*Asks:* 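Supplied in structure tokens, the structure appears directly below.
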Amino acid sequence: MIDAQTLEPPTETATIQSEISTVRRARRWTPGACVWCGDDDAVEIFRNEPRCATCREHESVIEEARRFVGTYGLRPIGGTLQSDDEEEYEHRLAARDARRTLNEIRLDEQPDPALVRKALRPRAAAVVAEKPDTRAPRATTPTAAPRRTRPATPPAAAATTSVDIDEIQTRALALLDQLSAIDAQLEIVAEQNGLAARARRSDLEKQKATILRTLAALEKARLSAASR
């Protein structure tokens, strides 16, 4: 069935979006531009290739989400947004939106890596040319200059990437509350029959297994942090 709305001409917004999409498809990479989207705004080297400010920002969001789930032993970042708490959900949602944006602005035809490396050579040569010569000048007299004693350089502070034990305990307590609620629901459906009841039990058991794995990972992270 075709209604009146289906027969209406495309709106101005739809026309503009179509034109933007056409321009994006027609855009090609040029030396000095971002290898992902072709933009030339604030292009810098990111992971050994030129990337614009927008792409670097979205890539950083995805990397931060991966670091978060890796620290607490959670499921890898992927298509699902299923999470154990609000903080994990926010990371997964931000990573999904960032990946979607990157896919939308990606060039239809990616540049040849050999051409990208070739375009980077002049920039690397310019950096080397601009680097000041730090070598000491040769002595003009046979008398050796008195050797200066350089002050001892204090050792650099060790980087601390320890996990917050309080945060681990907070997450563990929240998961234990969820585990208690799931056990209570399992008791309710334990004596029930039928396809719906079996499906519910299976879903609850999967949730329980996920929480138990997460608790084990949190305990491992807590023991590792406590031993430092």
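Please read all numbers here as calculations on a predicted model, not as lab measurements. In what follows, every heavy atom counts, from backbone to side chain, and hydrogens, waters and symmetry copies are set aside.
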*Asks:* When rounded to the nearest 0.5 angstrom, what distance separates CZ in R96 from OG1 in T101?
*Replies:* 10.5 Å
*Asks:* I would like to know whether I105 and D39 meet side-chain contact (heavy atoms from CB on, under 4.5 Å); could you show each step before the answer?
*Replies:* CA-CA 9 Å; I105 64 178; D39 196 358; over 6 Å; no
*Asks:* Please report the closest heavy-atom contact between G38 and A33, naming both atoms and the distance.
*Replies:* O-CB, 3.5 Å
*Asks:* I'd like to know if the side chain of R200 pairs up with that of Q185 as donor and acceptor (distance under 3.5 Å, no hydrogens or angles considered).
*Replies:* yes
*Asks:* Report yes or no: does R66 contribute a side-chain atom to a donor-acceptor pair with the main-chain N or O of A95 at less than 3.5 Å?
*Replies:* no
*Asks:* Is there a path of hydrophobic side-chain contacts, each under 4.5 Å between heavy atoms of I, L, V, M, F, W or Y residues, that connects L81 with I62?
*Replies:* no
*Asks:* More than 12 foreign heavy atoms under 6.0 Å from CD of E109: is that the case here?
*Replies:* no
*Asks:* Are L218 and L212 linked, directly or through other ILVMFWY residues, by side chains that come within less than 4.5 angstrom of each other?
*Replies:* yes
*Asks:* Would you say the side chain of R92 lies within less than 4.5 Å of the side chain of L74, judging by non-hydrogen atoms?
*Replies:* yes
*Asks:* Could you measure the distance from the CG atom of L175 to the OG1 atom of T170? Nearest 0.5 Å is fine.
*Replies:* 11.0 Å
*Asks:* Would a hydrophobic clustering, with Ile, Leu, Val, Met, Phe, Trp and Tyr connected at side-chain separations under 4.5 Å, put F46 with L102?
*Replies:* no
*Asks:* Kindly check if the number of other-residue, nucleotide or ligand heavy atoms within 6.0 Å of CG (N48) is above 12?
*Replies:* no
*Asks:* Taking all non-hydrogen atoms of both residues, which atom of L107 and which atom of V35 are closest, and how far apart?
*Replies:* CD1-O, 4.1 Å
*Asks:* Flag the pair E205 and K208 as a salt bridge only when some basic side-chain nitrogen lies within less than 4.0 angstrom of an acidic carboxylate oxygen.
*Replies:* no
*Asks:* With clusters defined by side-chain heavy atoms of hydrophobic residues (ILVMFWY) lying less than 4.5 Å apart, directly or transitively, does L176 cluster with L186?
*Replies:* yes
*Asks:* Give a yes or no on whether V61 and L93 share a hydrophobic cluster (residues Ile, Leu, Val, Met, Phe, Trp, Tyr; joining criterion: side-chain heavy atoms under 4.5 Å apart).
*Replies:* no
*Asks:* Heavy-atom count check: over 12 atoms from other residues, nucleotides or ligands less than 6.0 Å from Q82 CD?
*Replies:* no
*Asks:* Measure from the side-chain N and O atoms of W36 to the backbone N and O of R51, and report whether any donor-acceptor pair falls under 3.5 Å.
*Replies:* no
*Asks:* In Å, rounded to the nearest 0.5 Å, how long is the span from CZ of R67 to CD1 of I77?
*Replies:* 12.0 Å
*Asks:* Between CZ of R99 and CD of E59, what distance do you get to the nearest 0.5 Å?
*Replies:* 5.5 Å
*Asks:* Passes side-chain contact (heavy atoms from CB on, under 4.5 Å), V69 versus H91? Steps please.
*Replies:* CA-CA 9 Å; V69 299; H91 278 287; 5.7 Å; no
*Asks:* Using the side-chain contact (heavy atoms from CB on, under 4.5 Å) criterion, which residues pair with R222? Sequence neighbours excluded.
*Replies:* I165, I168, E219
*Asks:* Begin from the C-alpha positions of R47 and E49 and carry the test salt bridge (charged side-chain N to carboxylate O under 4.0 Å, His left out) through to its verdict.
*Replies:* CA-CA 6 Å; R47 296 176 182 170; E49 61 183 15; over 6 Å; no
*Asks:* Are any side-chain N or O atoms of R56 and backbone N or O atoms of A42, one a donor and one an acceptor, separated by less than 3.5 Å?
*Replies:* yes
*Asks:* Calculate, to the nearest 0.5 Å, the distance between atoms CD and SG belonging to E44 and C34 respectively.
*Replies:* 11.5 Å
*Asks:* Quick one, E88 with Y72, criterion side-chain contact (heavy atoms from CB on, under 4.5 Å). Give me CA distance, side-chain angles, the key distance, then yes/no.
*Replies:* CA-CA 10 Å; E88 180 187 351; Y72 295 104; over 6 Å; no
*Asks:* Roughly how far, to the nearest 0.5 Å, is NE2 of H58 from CG of D97?
*Replies:* 9.5 Å
*Asks:* Does T71 form a side-chain contact (heavy atoms from CB on, under 4.5 Å) with E167? I'd like the steps, not just the answer.
*Replies:* CA-CA 12 Å; T71 299; E167 175 66 18; over 6 Å; no
